Amino acid sequence: MDVALAKAWLDTAADAIAAQADQLTTLDAAIGDSDHGVNMNRGFGAVRTALAGAAPGGVGAVFTLAGSTLVSKVGGASGPLYGSALRALGKSLPEGPEVDAAAFGAGLRAGLDALRKLGGAAPGDKTIVDAYLPAVDAYDAALRQHGGDGDGGLAAAARAAAQAAAEGMRATVPLQARKGRASYLGERSIGHQDPGATSTWLIFQALADAAAP
Amino acid sequence: MDVALAKAWLDTAADAIAAQADQLTTLDAAIGDSDHGVNMNRGFGAVRTALAGAAPGGVGAVFTLAGSTLVSKVGGASGPLYGSALRALGKSLPEGPEVDAAAFGAGLRAGLDALRKLGGAAPGDKTIVDAYLPAVDAYDAALRQHGGDGDGGLAAAARAAAQAAAEGMRATVPLQARKGRASYLGERSIGHQDPGATSTWLIFQALADAAAP
Amino acid sequence: MKKFINHPDAVVREALVGLAAAHPDLRVDLEQQIVVSADAPRAGKVGLISGGGSGHEPMHAGFVGLGMLDAACPGEVFTSPVPDQILAAAKAVDGGAGVVHIVKNYTGDVMNFQMAAELSGDEGIEVQSVLVDDDVAVEDSTWTAGRRGTGATMLVEKIAGARAEEGADAATVAALGTRVNEASASFAIALSPCTTPAAGRPGFELGEDEMEVGVGIHGEPGRRREKLRPAREIATMTLEAILAAKPVAAGEDAIVLMNGLGATPLIELYLLYGEFAGLLESAGVRIARCLVGNYVTSLDMAGMSLTVCRADPELLRLWDAPVRTPALRWGV
Amino acid sequence: MKKFINHPDAVVREALVGLAAAHPDLRVDLEQQIVVSADAPRAGKVGLISGGGSGHEPMHAGFVGLGMLDAACPGEVFTSPVPDQILAAAKAVDGGAGVVHIVKNYTGDVMNFQMAAELSGDEGIEVQSVLVDDDVAVEDSTWTAGRRGTGATMLVEKIAGARAEEGADAATVAALGTRVNEASASFAIALSPCTTPAAGRPGFELGEDEMEVGVGIHGEPGRRREKLRPAREIATMTLEAILAAKPVAAGEDAIVLMNGLGATPLIELYLLYGEFAGLLESAGVRIARCLVGNYVTSLDMAGMSLTVCRADPELLRLWDAPVRTPALRWGV
Ligand SMILES: Nc1ncnc2c1ncn2[C@@H]1O[C@H](COP(=O)(O)OP(=O)(O)O)[C@@H](O)[C@H]1O
Ligand SMILES: Nc1ncnc2c1ncn2[C@@H]1O[C@H](COP(=O)(O)OP(=O)(O)O)[C@@H](O)[C@H]1O
Ligand SMILES: [Mg+2]
Ligand SMILES: [Mg+2]
Ligand SMILES: [Mg+2]
Ligand SMILES: [Mg+2]
């Protein structure tokens, strides 16, 4: 993973979120307050602008800047959560314009840990965690299985992560929310797909797309 | 016209207005404020109660009481207008438990005059006057033609009045309002039947029904 | 129809029960259906009385109290009060200096207040009247019952109320109220109809992309129907109509009431106010005082009205005078 | 969607332009998106800061001023503010005595205010926090993110604001705010959904004979859906839920907030208040103070919330203390 790929990932994610913003908002209308797509779109649009205007020398700096931008521009629950995750990812990476797939994987997990520390959600609570955790696990498993050298390893691991995120996302449908706004609905949250888990899938899918050879 | 018929008329009118209240309100929704049926029903319901509780000795007293009740209970435009008309009718009648059809006709015209003095509406302004005026004219004409002695004369005159009121009412449809709330609509008042002219017809129809042999 | 009510016929009465419970400063007479300031009558002070159909809350009962109205006569929803109510109010507030009626120019209101004035006169109470007809959406012509009274009513009530508090006589208070009315112009636009409890259904239908231009405050249709437009264009159109009818010159002061008709959220009223303030500034008009909120409403109608009153030092002084009512309070 | 706006993305900003134009007593910083009392910072006075998503007007910006908040941080519609805003507000109002955050208990608000507290701490500003979670429609369980903060927020802001005005230190003001929150319970019912400008469509659909019970103030569906019932039954159900969660004994005092969610006319709020007042009286509870109106809203949602706060002489004294803000004013 180098600076160009890092930027390409976030750009691809911004495109996907812009394209799916309406869908994310509709999901949030059912069990939340109809703003998740708007929030994510505002945030990733700002990330795109910030990255276009800056020339971060290291991969880590790209993610730290992106994370800080999300924290500064989004608000709501998703802003601090995704922002902290990206910041932790950025800060956990070794300095330099390129990091290997294993370090990047460890960084993704550091991001997850930061998000979980901040939000306190456990798997099964019907949140971002339900897509993010299986994605990171799948990434690691793929790396262990196929080896992580070169971009080929990263691409395969990212593909596995995106697929696991999608499964995790779909698995939120039958869950009753225990965290975030959807928890106020009690049993009425059952039967709806979690908006945050959905945006998480979009982000991992964007990684897979950007990393595809 | 005796006390019993006077009461029967007002009772019949109260019944008709109760039955048509919704229709009157719907007409008022189109060019007014959706309350004419409610107003008239509240007023004539109160008249019924007032008459049931009182034992007016004269015909005139019946109408004076009814008119005062409308003034006290209705509000809006229709309360003072119909109230003043009935009060003027009552006050114009000779004392006593019975009056002849000619005196009653003169009383109806006195009521119209009071109403016009208060409201200032001319024929063609799309108001109560457009049903009331032709009704009184038709009443007088019928009386002149067929003679006014006995209840037969009154019944025929009332029938003619009701028919003329109906025609006057229908003739309000193409008019542009010049008085009352409907005038604020400008040309948009054209094409709707006036609620007040409609309640006037109901009242004259009730007279015809009550006076029918 | 979805409303927090028990029965359509009981709405006005039951709301008055709540008003009485909420405001011990007011005397609510459920029998006479009037709302009176607790310290009325005050000897030598002119009594200010207003009233009209219910459904415009907080007007008028919300404006009863120190420095504003002495009594309000709420009629049934959108139906002017009856003479008996108004007479009862006059008796309750006359402290020997007579009363001033503040009447919105609707056929029903005018007739009922006029009848009440005669009854009050018979009882030896001097009555002066102010007729409010500020709505410039309606042209004053042989084709109308004159202009309607809308938002300026509360300006008249505030300013005349302050003058009455200063001890002016009935004729002076009424003349001042008339002056405020003459200096004021209003224009309203609705995005939705309203539903009266008794009718149970909206007064008109409006498409998803339509607005009703030049509406009154009784749920009646407006002067015309147009395609919905951005706030900036709506503000421009509204202000043009107002200033064409009653110009305020560059350099002059104005009191501005940015009023919601009931169901329009405050965030939109502030947004609109920003547009109006910008336009007035461009025109060189100084907004000396303003109010933004729901003051003269039309039940659950989504919409807004703007009232602009050309002001002078006297009007501003009286505007600033202390007022303590349920819906308007400052300086005390 | 029918709203008086220019563009969905510009609503919050343009409404702030209007707020600034309407209230010269406020300093509106459009860059930082904060609203600050004109005389802030005041040396030695604790700075009270609140904020949250926009769409709840007049809360919070309408409560900035003497005796209440020193600053408000309006986020996008229904989206909590970002840490930068809150930090900017802290810098603007800290007069050396630190600041108190008043935070409604939503995941986003809690996290953003927490991050801001850390940033402010880094800048040497002491930060104390009050977490408001008065909505008893939500059970506080492992199945929820805790109770939501709703109507009690304005009670906390008023009472803590008065205490800060008296010169108390940050810890004392925060402790008092927490005490008000603990003494308060709220419950809300909606008759219609609301529509955010960005979404452009209602958050949920509701049948002509249905009400949404236990709603929050962000347009989200409620705890359950029921058939619409008469106001009296709705009041009984609402008050039972409130008193079951936070009992007020016979003979005790209460401050009651009869709040509209935005599109419900005042006449209905008064009618409801009459029902609640009757029920509380039957229970022997004394309504020492009350407010009836739209204070903590949810855009154009038709609905109401009731907040009951068990009061004592200290809370009543602070409630009565002078306040001068756009939306709440007395004693000055
Ligand atoms: N404590 C939490 N931990 C992880 N994710 C959370 C948590 N709370 C909420 N979320 C996620 O945030 C999403 C909602 O984000 P968004 O709509 O942008 O914020 P808000 O709820 O403040 O409106 C939810 O769908 C959920 O996935
Ligand atoms: N000046 C007037 N003269 C005669 N009739 C009038 C006048 N103004 C209004 N009306 C009648 O009153 C009717 C409306 O009555 P109503 O709805 O009860 O009162 P309001 O207009 O006060 O709501 C109109 O349809 C019209 O026929
Ligand atoms: Mg959301
Ligand atoms: Mg009518
Ligand atoms: Mg009417
Ligand atoms: Mg949100």
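The model shown is predicted, which means the values in this text are computed figures rather than measured ones. Letters A, B, ... mirror the listed sequences (proteins, then strands); counts begin at 1.
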Min side-chain heavy-atom separation [X]-[Y] under 4.5 Å:
| X | Y | answer |
| --- | --- | --- |
| L48(D) | V99(D) | no |
| I102(D) | I49(D) | no |
| V36(D) | V64(D) | no |
| R109(A) | L89(A) | no |
| Q193(A) | M169(A) | yes |

To the nearest 0.5 angstrom, please state how far the CG atom of L112(A) sits from the CG atom of D137(A).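 L112(A) CG to D137(A) CG: 8.5 Å, rounded to 0.5 Å.
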
Side chain, backbone, both or neither: which part of F204(D) has a heavy atom under 4.5 Å from chain A?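 Neither part.
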
So for V77(D), is it side chain, backbone, both, or neither that comes closer than 4.5 Å to the heavy atoms of chain A? backbone

Mind ranking L81(A), I31(A), L185(A) by heavy-atom pairs under 4.5 Å with chain D and telling me who comes out on top?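 Heavy-atom pair counts peak at L185(A).
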
Counting only heavy atoms closer than 4.5 Å, note whether A30(A) contacts chain D via side chain, backbone, both or neither. backbone

Region of V71(A) that comes under 4.5 Å of a non-hydrogen atom in chain D: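 It is both, since atoms from each part get that close.
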
Let me see the donor-acceptor pairs closer than 3.5 Å between chain A and chain D, or none if nothing turns up.
| from | atom 1 | to | atom 2 | distance (Å) |
| --- | --- | --- | --- | --- |
| T26(A) | OG1 | R201(D) | NH2 | 2.5 |
| D35(A) | OD2 | T79(D) | OG1 | 2.7 |
| N39(A) | OD1 | T79(D) | OG1 | 3.1 |
| S72(A) | OG | D84(D) | OD1 | 3.4 |
| S72(A) | OG | D84(D) | OD2 | 3.0 |
| G76(A) | N | S80(D) | O | 3.4 |
| G76(A) | N | S80(D) | OG | 2.8 |
| G76(A) | O | N112(D) | ND2 | 2.8 |
| R181(A) | NH1 | H218(D) | ND1 | 3.3 |
| S183(A) | OG | A145(D) | N | 2.9 |
| Y184(A) | O | R223(D) | NH1 | 2.7 |
| Y184(A) | OH | N105(D) | O | 3.0 |
| R188(A) | NH1 | E212(D) | OE2 | 2.5 |
| R188(A) | NH1 | G222(D) | O | 2.8 |
| R188(A) | NH2 | E212(D) | OE2 | 3.0 |

Would you say the ring centers of Y132(A) and F204(A) fall short of 6.0 Å from each other?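 When the ring centroids of Y132(A) and F204(A) are compared, they turn out to be within the sub-6.0 Å range.
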
Considering only heavy atoms and a distance below 4.5 Å, find which of G203(D), P221(D), G214(D), A198(D) pairs most often with chain A. P221(D)

Over all atoms of both residues, closest heavy-atom pair of A89(D) and A71(D):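 That would be CB-CB, 4.0 Å.
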
Who are the side chain to side chain contact (heavy atoms under 4.5 Å, CB included) partners of A15(D), not counting sequence neighbours? I267(C), Y270(C), L271(C)

